[in-house]
Structures are given as C-alpha cells and as structure tokens.
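Both counts, for ligands and for their atoms, begin at 1 and track the order of listing.
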Amino acid sequence: MFGLLFATFGVILSAKYSSITVDQSAFLALKSHITHDPYNFLTTNWSTSTSVCSWIGVTCGSRHHRVTALNLSSMDLTGTISSQLGNLSFLAWLDIHQNSFHGSLPIELTNLRRMKYLDFGNNSFNGEIPSWFGCFSKLQRLSLYLNNFIGVIPSTLGNLSKLERLGLSWNQISGRIPNSLFKCKDLKFLSLSSNSLEGSIPTEIGNFRKWAGLRFLMLFWCCEIPLVIGNLTSLQMLSLGSNKLTGRIPTPPPLLQWYAVSTNNLIGEIPSSVCNLTSLKVMALDENNLEGTIPKCIGNMSSSLTAVDLGNNNFHGQIPENFAKGCMLRSLGINNNELEGSLPRSLGNCKGLNLLNVGNNNLNDTFPSWLGNLDQLQVLILRSNRFYGQIESFDITVSLTKLRIIDLSHNNFSGYLPTPFFEHMHAIRDEYGKNVEPNYMREVKPTKDAFGVFWVDYASGLSVTAKGLEIKFESLLSIWTVIDLSSNQFRGEIPKILGKLHLLLVLNLSHNCLIGPIPSSLGNLSELESLDLSSNKLEGRIPTELKNLGFLEVLNLSQNNLKGPIPQGKQFDTFTKDSYMGNSDLCGFPLSKNCGTDEETPAKFDRDDDGDELNWKFSILMGSWSESDKDLQKGRER
Ligand SMILES: *[C@@H]1O[C@H](CO)[C@@H](O)[C@H](O)[C@H]1NC(C)=O
Ligand SMILES: *[C@@H]1O[C@H](CO)[C@@H](O)[C@H](O)[C@H]1NC(C)=O
Ligand SMILES: *[C@@H]1O[C@H](CO)[C@@H](O)[C@H](O)[C@H]1NC(C)=O
Ligand SMILES: *[C@@H]1O[C@H](CO)[C@@H](O)[C@H](O)[C@H]1NC(C)=O
Ligand SMILES: *[C@@H]1O[C@H](CO)[C@@H](O)[C@H](O)[C@H]1NC(C)=O
Ligand SMILES: *[C@@H]1O[C@H](CO)[C@@H](O)[C@H](O)[C@H]1NC(C)=O
Ligand SMILES: *[C@@H]1O[C@H](CO)[C@@H](O)[C@H](O)[C@H]1NC(C)=O
Ligand SMILES: *[C@@H]1O[C@H](CO)[C@@H](O)[C@H](O)[C@H]1NC(C)=O
Ligand SMILES: *[C@@H]1O[C@H](CO)[C@@H](O)[C@H](O)[C@H]1NC(C)=O
Ligand SMILES: *[C@@H]1O[C@H](CO)[C@@H](O)[C@H](O)[C@H]1NC(C)=O
Ligand SMILES: *[C@@H]1O[C@H](CO)[C@@H](O)[C@H](O)[C@H]1NC(C)=O
Ligand SMILES: *[C@@H]1O[C@H](CO)[C@@H](O)[C@H](O)[C@H]1NC(C)=O
C-alpha cells in the first residue's frame, strides 16, 4: 500500500522534475549565449542550486510548475537567442526589450504556441521578420521596434486574429503594407513609423472604420497621404510627423485628439472639419507648405486645445481673435508665416500659456503689455515683425517671473530699455529660475510607448539667435536664457540692473541707439556665453569686470565709440579684432594699436595668478556648441 503510494508520488515528482529540467536547460543554454552581463544579473543568480522559478526574470505558473514568463528587459545584456528557448512550451510572455541581443531569431521559437506577448524592441536583431510569427495564434502584442529588421512585413501576420498591438517602427522594413494585416480585427495600435515603406495605404484600411476598438494609427508613409484617413472614425491619434509626405493635408476624423503632421511637404488649407473636433488637444501642422487662413474656430476650441503649432507655413490673414475664457492653450507657435494685424488681446485668457512664438510675420502692434497677466509664460518671441512703440514700464501688476527667453529683435520698438521689466525676470535673476520647469518642452515629448513611437514636436519651429548662429529648438534646453532686443530703435543707457540677471546666457542689444558706458555690473553675469552690444553709440572704456565672464565665447562690441585699453587675459585672449572694429579709440591686444604707458591697466598682469586658466582655454578650444554646453553643465555642477 505504502509502496504503491510512494511509487505514484515518485512518478509525479519525476515528471515534474523532468519538465522543469527542460526549462532549466533552455535557460542555461540562453545564459551561455549571453556574452556580456555588466550588472551580473544572470551570472550568479541563474544558478542550478536554486529552483528555476526563483531565478531573476522568471515566472512559473502555479498549475504546471512550468515557466510562463521570462522578463529580461533593460538588463543591458548582450548575446543571441538560443534555439533551446523554443523548448519553453508553457511560455506566454517574453519580454527582452532594451538590451543588445543580436543575430536572427531561431525558427525553434515557433514551438511557443501559447505566446501572447512578445517584446523584442530596442535590440540589434537583424534579418527579415520571420514569417512564422504568423503561427502564434494567441499573440496579442508583438513589438519589434528599434532593431535592424529588413525585408517586408510578412503577410502571415494577418493570421494573428487576436493581435491588438503591432509595433514595427524604427527598422528598415521596405515594401508595401500587406493587405492581410487589415484582417487583424482587434488591432488598436499600429506603429510603422520610421521605416522605408512605400506605396499607398491598402484600401482594406477602410475596414478599420467598423472596428470600434481602433484608437491609434501610426502610419508613416513616404508618398501621398491617403485621404481615407478621414474615414477612420474611431481614430484618436494621427501622427505622421517627420517624413517626406506630399499631397494634401489629410482631413481629421471626428474623435481625433492629436492631429500631428509636422515636417512634411503637405499642401492645402487647414480642413474646415477641424472645427468639429471637440476633443482636439494637439494640432501640430508646422513645417509644411500649408496656406490659407487660420480657421477662426481655433479660438473657440481653446478649452480643449493645449498646443497649436502652425509655424513655418504660408498662412496669411489675421490671428483668430476669440480665445475664450478658460483657454487651455499652453503653446502657440505661428511663426514664419505671413500673418498680419495685431496680437489678439483675448490671448490674455490663456492663463497657462508657456510659449508664444509669433516671430517672422508681418504683425503690426505695440508691445503686448497685457501679457503681464500670463504668469506662466516662459518663451516670448516677437522677432521680425512690425511691432513698434515704447515698452512702457507697464502696469506692474506684471508677473513675467517665469520668462526665460524673450526675443523682440528686428522690430521697431523705441524708447528706453524697459528697466522694470528686467527687474521682474526672476527666472533669469535668481535661484528661483533654476527650479522653473521648462513646461513648454515637457509636453513636447509625450508618450513614449513600449512600442517606441510618437514624438510630437509641437514647438519645433522655435529658434533664437545666439553667438551669431541660429540655435534650433532641440538645443534650447531648459537652461537657455536669452534676452534679444537687437535691431530696434531703443535709446538711452544700458540699465545697470541687467547685471542682476545672473542666469542669463545670451544678451543681444546690438543695432539700437544706445549711449553711455557699458555698465560694469555686466561683469556679474557669470553664466553669460554671448554678449553683443555692437552698432550702438556706447562710450567710455570696456569695464575690466567683463573679465569675470568665464564662459563668454562671443563678444561683439564693434561699431561704437568705445576707447581706452581692451582688458587683457582670460577670455579676452580669445577674441579677435572683429569684436572691436569700428571704435575710434580702443587699444591693446588684439588690435595693433598699442596703449600708451599711462593707459596700461594692472589687469594685464592678472594673467598668471589664475590657476583655472588652462581649463578655460581648453573649453574654448573645444569650442563647439555641444561641448560648450557640457562645459556649462560641468561649470554648474562645480
Ligand atoms: C535571484 O534573484 C531573485 C529575484 O531578484 C531573488 O529572489 C533570488 O533570491 C536570487 N537568487 C539568488 C541565488 O541570488
Ligand atoms: C518586464 O519588466 C519591466 C521592468 O520591471 C516592466 O516594465 C515590464 O512591464 C515587464 N514586462 C512584462 C511583459 O511584464
Ligand atoms: C530543446 O531544444 C534543443 C534545440 O532546439 C534540442 O536539441 C533539444 O533536444 C530540446 N529538448 C530538450 C529536452 O532540451
Ligand atoms: C534603447 O535602449 C537604450 C539602452 O540600451 C536606451 O538608452 C535608449 O533610450 C532606448 N531607446 C528607446 C527609444 O527606448
Ligand atoms: C497564414 O497566412 C498565410 C498568408 O496570408 C496563409 O497562406 C496561411 O494559410 C495562413 N495560415 C497559417 C496557419 O499560417
Ligand atoms: C471615405 O468616405 C467618403 C465619404 O464618406 C466615401 O465617399 C469614400 O468612399 C470613403 N472611402 C473609403 C476608402 O472608404
Ligand atoms: C461639422 O459637424 C456638423 C454637425 O455634425 C456637420 O453638419 C458639418 O458638416 C460638419 N462640418 C464639417 C466641416 O465637417
Ligand atoms: C465661436 O465663438 C463665437 C463668439 O464667441 C460664437 O459666436 C460662435 O458660435 C462660436 N462657434 C462655435 C463653433 O462654438
Ligand atoms: C501699423 O498699423 C497702423 C495702424 O493701423 C498703421 O497706421 C501703420 O501704417 C501700420 N504700420 C505698418 C508698418 O504696417
Ligand atoms: C519705424 O518707426 C519709424 C518712426 O518711429 C518710422 O520712420 C519707420 O518707418 C519705422 N520702420 C518700420 C520698418 O516700420
Ligand atoms: C545679435 O543680433 C543681430 C541681429 O539683430 C545678429 O545679426 C547678431 O548675430 C546677434 N549677435 C549674436 C552674437 O548672436
Ligand atoms: C556684483 O555682484 C557682487 C556680489 O554679488 C556685488 O557685491 C556687486 O555689487 C555687484 N556689482 C554690480 C556692479 O552690480
């Protein structure tokens, strides 16, 4: 009796033992294919002295005591996938994304008939996408984004009747989208961005219309956008950005929340159906060849819209006027168009506005003092318009405390520089500024799904001039602080208070009618990288305090009436004659004119008493933008 019991028990035990042994040897084989495990995740943990089910990344089912899930994501592993993995016959979840697995996928994986979830994203797999993926009849998610897969999308994927998410973006997949794919009736999310797909969207895509579940469609094409997208009535997100799409801008379906087709070659006018999109949040149409006027309804929709970027197109006419109370707009970019008229006062209703970029248009208005109500504003760009008049020391209910980039250049502003205005720029002035989050950027990089998809860069048109170069948005990190009032008709002296804007990186007051001395307080702008005071009527000596500007890379004092010795040493050793041209009476290096002995300043002898000299020289030599940014950050950490 006991013997029988024992015997039965023994059989069960050994059956269990043997099958989990299969799983164990599959893992040991996998481990032996891993060539680099920098954090020793597997090296010691995957040891035969403990049960497989306690190994890191491994989950066993309670019923069969077999491995059901393997998750090695983000472990920085390098290696290949061993064919023994196909022996894990109960495996349903396999997630190895964000590692450095390479090679091709072994056909033995076809044995994994219970597979529901496969994520191989962000590795270095190559070869074609295996057609045997079509065998995983239970598969719900398949993610292969960010690998080196080539070839076509296998038509067998159309057999995956349970598939809900398919992510193939960031590979080198070519050819057409197989029609069979649109048999996957449960598909909610399809991401094919950044590949080399061609052709037009298969007509079967019309089927999507009937599929209540479809929420996201991410189709990035290389040719004409099919207007049929407008028929996808369930679509909530349309993201076609950064391609070479031609043809007319697609009409938005009614439930759309994200309408993002930036950076293509689309033509046509903004479809009037956009006025019916009651849930629209983001409208990013920038960098195309769109024309016509901006629909008036945009103002009405501002209770749902948070970001509008229409920059770099050919829009004309006026900016819509009726921004409603409760306007939710955070970012409005309509730069580089042909807009005229004035800035709508109703924008003052958009209390949360972070970014307003209307640069390079034909706007004709006075300075928008009413912006003072917008205490979240961080970026204000009015560059190259026809703004005019004095910037009154406007009602100091003003609280532009978060402003960090202000560009009024190339307008017709006049009068004195707005001293009270500078006084209130706390984001540039003190420690407070270091804690101001750059909201206008944070929303730019929203959802990065496990499928590695969409970036809607709704403020991509943003740029400023600094160090004589146009700096694009990408580089406009949170740390950027810019005051550019150049090419206007400002007069009077440079206010000393500017010296209190300790976090300022770029100051450009050139091409105005400024008089008087360069305030020595500017020597307190210890972070300054670019200072341009050229083409004014400044007088007197160059204050030796400017030698304290340890990060200064560009200095332009040319075309003024400055005189006396040029400070010597530190950054001043790096500037050329160009920095000083057109001043009647300057002397000393780098100019050929020597200073008389009575003009010599003691500053000249400071040179050797600064142990940091080598460091700053090195940073100048490294001189590129990115390097200097690094230096800057290093400087901050110190
Ligand atoms: C392996 O890792 C798992 C999960 O972190 C842990 O529970 C287990 O104790 C580790 N085993 C060994 C032998 O280190
Ligand atoms: C795998 O682990 C990572 C990190 O813990 C987690 O984010 C991911 O969702 C897991 N994958 C699966 C399929 O559960
Ligand atoms: C597991 O897979 C390998 C290679 O695919 C195979 O040689 C082996 O016989 C399989 N079975 C067991 C029990 O390991
Ligand atoms: C891919 O993985 C690397 C680390 O292996 C990580 O730095 C990078 O951010 C990941 N990229 C994406 C798009 O997830
Ligand atoms: C899968 O799809 C292919 C091509 O679409 C088809 O020929 C095949 O019969 C389908 N069925 C299976 C089980 O692969
Ligand atoms: C899209 O909708 C329009 C108008 O409802 C219709 O004429 C057209 O046939 C539809 N296209 C497809 C491919 O379903
Ligand atoms: C907007 O919606 C209304 C009511 O549903 C409809 O009559 C009208 O044609 C739509 N307008 C556009 C431009 O689609
Ligand atoms: C837009 O606002 C204007 C004025 O506030 C109003 O007359 C018009 O009916 C609104 N349109 C819509 C579509 O809400
Ligand atoms: C700006 O508008 C004013 C008043 O509407 C007009 O008198 C002036 O000529 C305009 N200026 C330019 C440069 O268009
Ligand atoms: C700027 O304003 C002055 C008068 O203040 C005027 O003479 C000049 O034409 C204006 N320039 C432009 C470009 O509007
Ligand atoms: C300052 O602004 C002028 C135009 O107003 C521009 O030409 C110059 O390059 C700018 N200076 C620097 C150093 O960026
Ligand atoms: C510069 O800063 C120092 C210390 O922060 C201060 O004592 C000095 O008054 C400032 N100089 C000017 C000219 O603002």
Side-chain angles (χ1 to χ4, degrees), residues 15 17-33 37 39-60 66-67 69-72 75 80-91 105-112 359-360 381-385 387 405-413 463-471 475 480 482-490 504-514 528-536 549 552-559 575-576 578-579 625 628:
Y17 182 72
S18 71
S19 46
I20 194 75
T21 308
V22 172
D23 290 356
Q24 188 189 62
S25 54
F27 284 141
L28 292 176
L30 178 65
K31 185 178 169 182
S32 73
H33 280 70
D37 177 8
Y39 303 107
N40 293 325
F41 278 119
L42 311 187
T43 322
T44 49
N45 190 285
W46 281 22
S47 141
T48 48
S49 61
T50 57
S51 155
V52 172
C53 298
S54 73
W55 288 3
I56 195 165
V58 176
T59 307
C60 293
R66 295 286 305 273
V67 173
L70 176 63
N71 188 347
L72 303 178
M75 289 186 174
T80 55
I81 298 293
S82 55
S83 56
Q84 282 89 340
L85 217 56
N87 291 345
L88 297 168
S89 42
F90 283 78
L91 197 68
L105 298 169
I107 192 168
E108 286 79 4
L109 296 185
T110 47
N111 298 329
L112 305 174
N360 297 81
I381 298 185
L382 307 181
R383 175 179 56 220
S384 296
N385 277 287
F387 285 96
I405 296 179
I406 178 168
D407 184 348
L408 308 183
S409 65
H410 297 279
N411 279 292
N412 210 356
F413 287 115
S463 69
V464 295
T465 308
K467 306 184 199 175
L469 302 167
E470 174 145 305
I471 308 302
S475 317
W480 278 97
V482 178
I483 295 180
D484 187 348
L485 308 183
S486 66
S487 297
N488 279 287
Q489 297 186 33
F490 288 113
L504 193 61
L505 298 189
V506 175
L507 178 61
N508 193 342
L509 303 177
S510 70
H511 299 271
N512 280 294
C513 314
L514 303 173
L528 205 63
E529 293 187 28
S530 175
L531 175 62
D532 191 345
L533 305 177
S534 65
S535 299
N536 280 294
L549 306 181
L552 197 63
E553 274 185 53
V554 174
L555 173 70
N556 193 349
L557 303 177
S558 66
Q559 311 298 339
F575 304 130
T576 65
D578 293 345
S579 296
W625 266 100
S628 67

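Ligand 11 places these atoms under 4.0 Å from at least one heavy atom of Ser510: 1 (C), 2 (O), 3 (C). Interface atoms of ligand 11 facing Ser530, defined by a heavy-atom separation under 4.0 Å, are 13 (C). Taking every heavy atom of Asp532 and a limit of under 4.0 angstrom, the matching atoms of ligand 11 come to 1 (C), 8 (C), 10 (C), 11 (N), 12 (C), 13 (C).
In terms of heavy-atom proximity, Leu85 sits nearest to Leu112 at O-CD2, 3.6 Å. In terms of heavy-atom proximity, Gln489 sits nearest to Asn512 at N-OD1, 3.3 Å. The shortest non-hydrogen separation linking Asn411 to Leu382 is ND2-O, 2.9 Å. Summarising the geometry of Asp23 relative to Asn87, their closest heavy-atom pair is OD1-O, 4.0 Å, with the distance given to 0.1 Å.
Here Ser54 has backbone heavy atoms under 4.0 Å from ligand 1, and that is the only part of it that gets that close.
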For each nitrogen or oxygen atom of ligand 3, which protein N/O atoms lie closer than 3.5 Å, and how far apart are they, rounded to 0.1 Å?
residue, atom, partner, partner atom, Å
ligand 3, 2 (O), Asn87, OD1, 3.1
ligand 3, 2 (O), Asn87, ND2, 2.5
ligand 3, 11 (N), Asn87, ND2, 3.0
ligand 3, 14 (O), Asn87, ND2, 3.1

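Residue Ser487 has at least one nitrogen or oxygen atom sitting less than 3.5 Å from a nitrogen or oxygen atom of ligand 11, judged on distance alone. Here's the thing with Asn45: one of its N/O atoms is less than 3.5 angstrom from an N/O atom of ligand 1. Close N/O approach between Asn508 and ligand 11 is found [any backbone or side-chain N/O within under 3.5 Å].
Applying the side-chain hydrogen bond (donor to acceptor under 3.5 Å, both in side chains) criterion to Asp532, with sequence neighbours excluded, gives Ser534. Under the side-chain hydrogen bond (donor to acceptor under 3.5 Å, both in side chains) criterion, Ser558 pairs with Asn556, not counting sequence neighbours. Under the side-chain contact (heavy atoms from CB on, under 4.5 Å) criterion, Thr43 pairs with Asp37, Asn40, not counting sequence neighbours.
Interatomic distance, Met75 CE to Leu42 CG, rounded to the nearest 0.5 Å: 6.0 Å.
Between Trp55 and Phe27, the two ring planes are tilted [angle within 30° to 60°].
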